[in-house]
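The structure appears below as structure tokens.
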Amino acid sequence: MELAQTLINVQDIDLDILRIRKQVEEMPERKALNKARAALLDLQKKTNSIVGKRKDIELDIEANEDELTQIDERIQELNALLESADARLVANLNRDLAGQEKRKEKLNFQLEGLFSELEKLSAREDKANDAMRKLKELEQKNIAAIQMQGAEYLKKLETLLEERQEEFARLDVSYQDIYEALAEKKKGIAVAQYKDGRCSICGTEFNDSQISRMKRTEELGICQSCGRILVISDEARDE
């Protein structure tokens with residue numbers, strides 16, 4: 001039974017290794033980290049859009065303020081000309097002055113709206129930046145938890161791998177190759193056991209002649225249904 005038990009031991013270790021690796025993949029902190037990173041990416045896109053709009057408004061404000069400066073200079077110039085203008089030029093200067101005042105009024109109205117929009121966008125940007133800061137803190141918290149728990153899992157894996165190497169070395173090379181090929185093909189379960197007239201993995205029920213033949217042969221057989229190595233224990237032979 002030594003060969004059969006060694007195969008069972010190797011498979012048990014391999015299944016433990018698979019369980020630990022699955023636990024690592026399914027860690028709540030890992031899922032939380034992926035969720036936080038997805039939220040960060042989405043928030044970054046929205047923040048970039050807000051920043052782009054804010055910069056456009058700031059450029060519009062700058063352009064309006066520059067034009068207002070030019071208008072104020074023109075109004076001063078026109079007022080100066082009015083002081084010394086003759087009657088023929090006064091009407092033209094007044095029309096020009098009225099046009100400048102109207103344009104100034106329009107620009108001031110536009111600026112009022114632009115400043116209001118800028119205030120709203122700045123508030124949204126501040127809120128987004130605060131949310132990003134919190135998400136980054138959450139991201140770092142989950143990374144730290146993953147690293148801490150990952151170290152524990154790694155220690156367990158190292159122990160199991162050492163045990164596997166020792167146990168696997170007890171198998172003949174031919175059985176090593178058969179086991180590895182079946183384990184890869186059968187999702188880690190290469191060995192089944194004969195129990196109560198059935199394969200313990202696929203549940204195939206053997207007839208009396210098959211059972212009799214298996215009990216007369218070596219401790220290992222092959223399940224004709226699932227193709228796994230079939231271990232037949234001494235207890236099963238005595239049934």
For L121 and R124: C-alpha separation, side-chain torsions, deciding distance, then whether side chain to side chain contact (heavy atoms under 4.5 Å, CB included) applies. CA-CA 5 Å; L121 284 172; R124 287 175 60 193; 3.8 Å; yes
Using 4.0 Å as the upper bound for N to carboxylate O, is an ion pair formed by R103 and E67? yes
With a 4.5 Å limit on heavy-atom distance, are the side chains of D72 and K104 in contact? yes
Verify the cluster assignment for I146 and L135: are they in a single hydrophobic cluster under the rule of side-chain heavy atoms below 4.5 Å apart? no
Check the pair K22, E25 against salt bridge (charged side-chain N to carboxylate O under 4.0 Å, His left out), reporting the backbone distance first and the verdict last. CA-CA 5 Å; K22 187 176 181 181; E25 292 175 0; over 6 Å; no
Would you check, one step at a time, whether the test side chain to side chain contact (heavy atoms under 4.5 Å, CB included) holds for L97 with L93? CA-CA 6 Å; L97 186 61; L93 291 173; over 6 Å; no
Taking side chain as C-beta onward, heavy atoms only, is L230 less than 4.5 Å from F206? yes
To the nearest 0.5 Å, tell me how far E101 CD sits from N94 CG. 11.0 Å
Donor-acceptor pair, distance only, cut-off 3.5 Å: does the side chain of T159 make one with the backbone of K155? yes
From D56 atom CG to K53 atom NZ, the distance as rounded to the nearest 0.5 Å: 10.0 Å
What closest approach, in Å, do L43 and A128 show between heavy atoms, and which atom pair accounts for it? CD2-O, 3.6 Å
For the hydrophobic clusters of this structure (ILVMFWY residues joined by side-chain heavy atoms under 4.5 Å, transitively), does one cluster hold both Y153 and I143? yes
Using 4.0 Å as the upper bound for N to carboxylate O, is an ion pair formed by R37 and E139? yes
Measuring only between side-chain heavy atoms, which start at C-beta, is L89 closer than 4.5 Å to L81? no
Indicate yes or no: at least one non-hydrogen side-chain atom of N79 is less than 4.5 angstrom from one of I75. yes
Co-membership, hydrophobic cluster, residues L182 and L171, 4.5 Å side-chain: yes
Looking at Q44, is its backbone amide N or carbonyl O close enough to the side chain of N48 to form a donor-acceptor pair, meaning the two atoms are under 3.5 Å apart? yes
With rounding to the nearest 0.5 Å, note down the distance linking CD in Q140 to CG in L33. 9.0 Å
Is a side-chain N or O of S122 found less than 3.5 angstrom from the main chain of L118, in a donor-acceptor match? yes
Minimum side-chain heavy-atom gap N9-Q5 below 4.5 Å: yes
Is any side-chain heavy atom of I13 closer than 4.5 Å to a side-chain heavy atom of D16? no
Mind checking the CG-CD1 spacing from L160 to I17? Nearest 0.5 Å is all I need. 5.5 Å
Would you find more than 12 non-hydrogen atoms of other residues, nucleotides or ligands less than 6.0 Å from F168 atom CZ? yes
Over all atoms of both residues, closest heavy-atom pair of L114 and I57: O-CG2, 3.6 Å
Got a salt bridge between E152 and K156, using NZ or NE/NH1/NH2 to carboxylate O under 4.0 Å? no
Can you find a pair of side-chain heavy atoms, one from C223 and one from C202, that are under 4.5 Å apart? yes
What heavy-atom pair brings A145 and E29 nearest, and what distance separates the two atoms? CB-CG, 3.6 Å
Could you see if I189 belongs to whatever hydrophobic cluster contains V10? Use Ile, Leu, Val, Met, Phe, Trp, Tyr and a side-chain cutoff under 4.5 Å. no
So, R74 and E77, do they make that salt bridge, N to O below 4.0 Å? yes
May I ask you to say whether R54 pairs ionically with E58, meaning some side-chain N is under 4.0 Å from a carboxylate O? yes
Before giving the answer on side chain to side chain contact (heavy atoms under 4.5 Å, CB included), spell out for L18 and L15 the whole-Å C-alpha distance, their side-chain angles and the decisive distance to 0.1 Å. CA-CA 5 Å; L18 287 173; L15 291 176; 4.3 Å; yes
Kindly write out the residues that satisfy side-chain hydrogen bond (donor to acceptor under 3.5 Å, both in side chains) with E119, not counting sequence neighbours, or none if the list is empty. none
Output the distance between atom CD1 (I71) and atom NZ (K102), rounded to the nearest 0.5 Å. 13.0 Å
Heavy-atom count check: over 12 atoms from other residues, nucleotides or ligands less than 6.0 Å from K186 NZ? yes
Backbone N/O of S174 and side chain of D172: donor-acceptor pair under 3.5 Å: yes
Mark yes or no for whether Q11, through its side chain, and A190, through its backbone, hold a donor-acceptor pair below 3.5 Å. yes
Non-hydrogen atoms of L138 and A36 that approach each other most closely: CD2-CB, 4.2 Å
May I ask you to say whether D130 pairs ionically with K127, meaning some side-chain N is under 4.0 Å from a carboxylate O? no
Please tell me if the side chains of E162 and E166 come closer than 4.5 Å, counting only heavy atoms from C-beta onward. no
Indicate the atoms forming the closest heavy-atom contact of K31 with E26, along with that distance. CE-O, 4.0 Å
May I ask you to decide whether E180 forms a salt bridge with R164, counting only side-chain N to carboxylate O separations under 4.0 Å? yes
Do L7 and I201 land in one hydrophobic cluster if side-chain heavy atoms of ILVMFWY residues count as linked below 4.5 Å? no
Nearest 0.5 Å please: distance from the CD1 atom of I178 over to the CD1 atom of I222. 7.0 Å
Can you name the side chain to side chain contact (heavy atoms under 4.5 Å, CB included) partners of E62, sequence neighbours left out? L59, D66
